[in-house]
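Sequential numbering from 1 along the given sequence is applied to the chain's residues. Fair warning: this is a prediction, and the values are worked out from it, not measured in the lab.
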Amino acid sequence: MSTEQTFIAIKPDGVQRGLVGPIISRFEQRGYKLAAIKLVSPSKEHLEAHYADLKDKPFFPSLITYMLSGPIVAMVWEGLDAVKTGRALLGATNPLASQPGTIRGDFAIVTGRNVCHGSDSVENAKKEIALWFKEGDVISYKSAQHDWIYE
């Protein structure tokens with residue numbers, strides 16, 4: 001069985017609203033393994049590198065300002081199809097288009113305060129993990145639940 005890793009960040013609105021625990025629980029309850037986590041206040045340059053693909057969008061400056069407004073919980077989750085399923089757990093970028101039962105569908109109303117970021121591809125997950133975590137920060141281990149989750 002091949003597993004993959006995805007990068008998930010709880011944005012400042014999620015941290016300030018006390019949603020860190022419920023969001024982590026969603027991933028744990030689904031069967032994903034937490035491989036790295038940290039509370040961080042990234043620099044403007046760090047955020048500009050993370051959102052480099054959006055730099056030409058009109059909302060880019062306000063996105064960076066917002067992401068600088070409070071701490072962020074950066075995480076790496078691991079498991080089968082973690083990127084695709086991680087995005088499904090988050091829901092649509094626009095919370096009003098997110099299904100109930102998704103993180104954004106349950107906890108957010110507007111796109112500019114949509115609680116979480118999730119990698120959109122395996123390639124981007126690798127880039128984002130490398131940007132947010134140093135070598136050795138991501139822990140490799142076998143979860144005690146592994147054999148109860150996977151065949």
Side-chain angles (χ1 to χ4, degrees), residues 1-95 98 102-105 107-108 111-146 149-150:
M1 179 190 62
S2 174
T3 62
E4 63 189 30
Q5 294 179 331
T6 191
F7 175 76
I8 302 291
I10 303 174
K11 296 177 180 181
D13 57 320
V15 174
Q16 293 293 335
R17 293 176 56 207
L19 298 174
V20 174
I23 291 167
I24 288 172
S25 290
R26 299 276 180 112
F27 283 86
E28 288 178 329
Q29 289 168 353
R30 184 63 186 253
Y32 287 97
K33 177 177 71 174
L34 184 61
I37 186 170
K38 64 181 174 180
L39 182 68
V40 50
S41 292
S43 68
K44 181 179 180 188
E45 294 75 25
H46 186 99
L47 292 166
E48 288 172 344
H50 177 82
Y51 288 113
D53 61 319
L54 302 175
K55 70 180 177 198
D56 295 327
K57 301 286 186 184
F59 60 82
F60 184 75
S62 63
L63 171 63
I64 299 301
T65 299
Y66 157 64
M67 292 296 289
L68 287 167
S69 69
I72 295 165
V73 174
M75 301 176 286
V76 177
W77 288 94
E78 186 176 297
L80 184 64
D81 223 5
V83 172
K84 180 181 173 186
T85 305
R87 298 280 292 183
L89 287 170
L90 293 182
T93 301
N94 177 352
S98 293
T102 65
I103 291 167
R104 291 175 178 149
F107 300 131
T111 302
R113 299 290 184 269
N114 66 2
V115 181
C116 285
H117 165 84
S119 300
D120 61 2
S121 69
V122 173
E123 178 184 345
N124 282 338
K126 289 177 182 176
K127 289 178 191 174
E128 291 171 350
I129 291 166
L131 179 64
W132 290 85
F133 292 94
K134 297 177 192 156
E135 190 172 330
D137 287 348
V138 180
I139 307 299
S140 178
Y141 65 100
K142 182 177 179 184
S143 168
Q145 301 178 63
H146 183 273
I149 296 169
Y150 296 105

Judged by atom type as modelled, is there a donor-acceptor pair below 3.5 Å linking the side chain of [X] to the main-chain atoms of [Y]?
X: D137; Y: K134; value: yes
X: S69; Y: Y66; value: yes
X: N114; Y: T93; value: yes
X: N94; Y: T111; value: no

Shortest non-hydrogen contact from [X] toward [Y]:
X: L80; Y: Y32; value: O-OH, 2.7 Å
X: R104; Y: S98; value: CB-OG, 3.6 Å
X: F107; Y: R17; value: O-NH1, 2.5 Å
X: L47; Y: L68; value: CD1-CD2, 3.5 Å
X: D81; Y: E4; value: C-OE2, 3.3 Å
X: A125; Y: S119; value: CA-OG, 3.3 Å

Are the side chains of [X] and [Y] in touch, meaning some heavy atoms are under 4.5 Å apart?
X: H50; Y: M67; value: no
X: H117; Y: Y51; value: yes
X: T6; Y: R87; value: no
X: I37; Y: I24; value: yes
X: V15; Y: I72; value: no
X: W77; Y: E28; value: yes

What do the steps show when you test L89 against I8 for side-chain contact (heavy atoms from CB on, under 4.5 Å), and what is the final call?
-> CA-CA 11 Å; L89 287 170; I8 302 291; over 6 Å; no
Interatomic distance, [X] atom [atom1] to [Y] atom [atom2] [nearest 0.5 angstrom]:
X: H46; Y: S41; atom1: NE2; atom2: OG; value: 11.0 Å
X: L90; Y: C116; atom1: CG; atom2: SG; value: 5.0 Å
X: I139; Y: L34; atom1: CD1; atom2: CG; value: 10.0 Å
X: M75; Y: F133; atom1: CE; atom2: CZ; value: 8.5 Å

Go through the steps for F7 and L131 under the test side-chain contact (heavy atoms from CB on, under 4.5 Å), then give the verdict.
-> CA-CA 10 Å; F7 175 76; L131 179 64; over 6 Å; no
Is it true that the NZ or CZ of K33 lies under 6.0 Å from the centre of Y141's six-membered ring and within 45 degrees of the ring axis?
->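 Output yes; distance and angle both within limits.
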Decide yes or no on side-chain contact (heavy atoms from CB on, under 4.5 Å) for K55 and E48, but give the supporting numbers first.
-> CA-CA 8 Å; K55 70 180 177 198; E48 288 172 344; over 6 Å; no
Is the number of heavy atoms from other residues, nucleotides or ligands within 6.0 Å of NZ (K44) greater than 12?
->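 Counting other residues, nucleotides and ligands, NZ of K44 stays at 12 neighbours or fewer.
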Could you go step by step and tell me if R30 and R26 meet the side-chain contact (heavy atoms from CB on, under 4.5 Å) rule?
-> CA-CA 6 Å; R30 184 63 186 253; R26 299 276 180 112; over 6 Å; no
State, without any angle test, whether Y150 and T3 hold a side-chain donor-acceptor pair at a distance under 3.5 Å.
->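 There is no such pair (donor and acceptor under 3.5 Å, judged by atom type) between the side chains of Y150 and T3.
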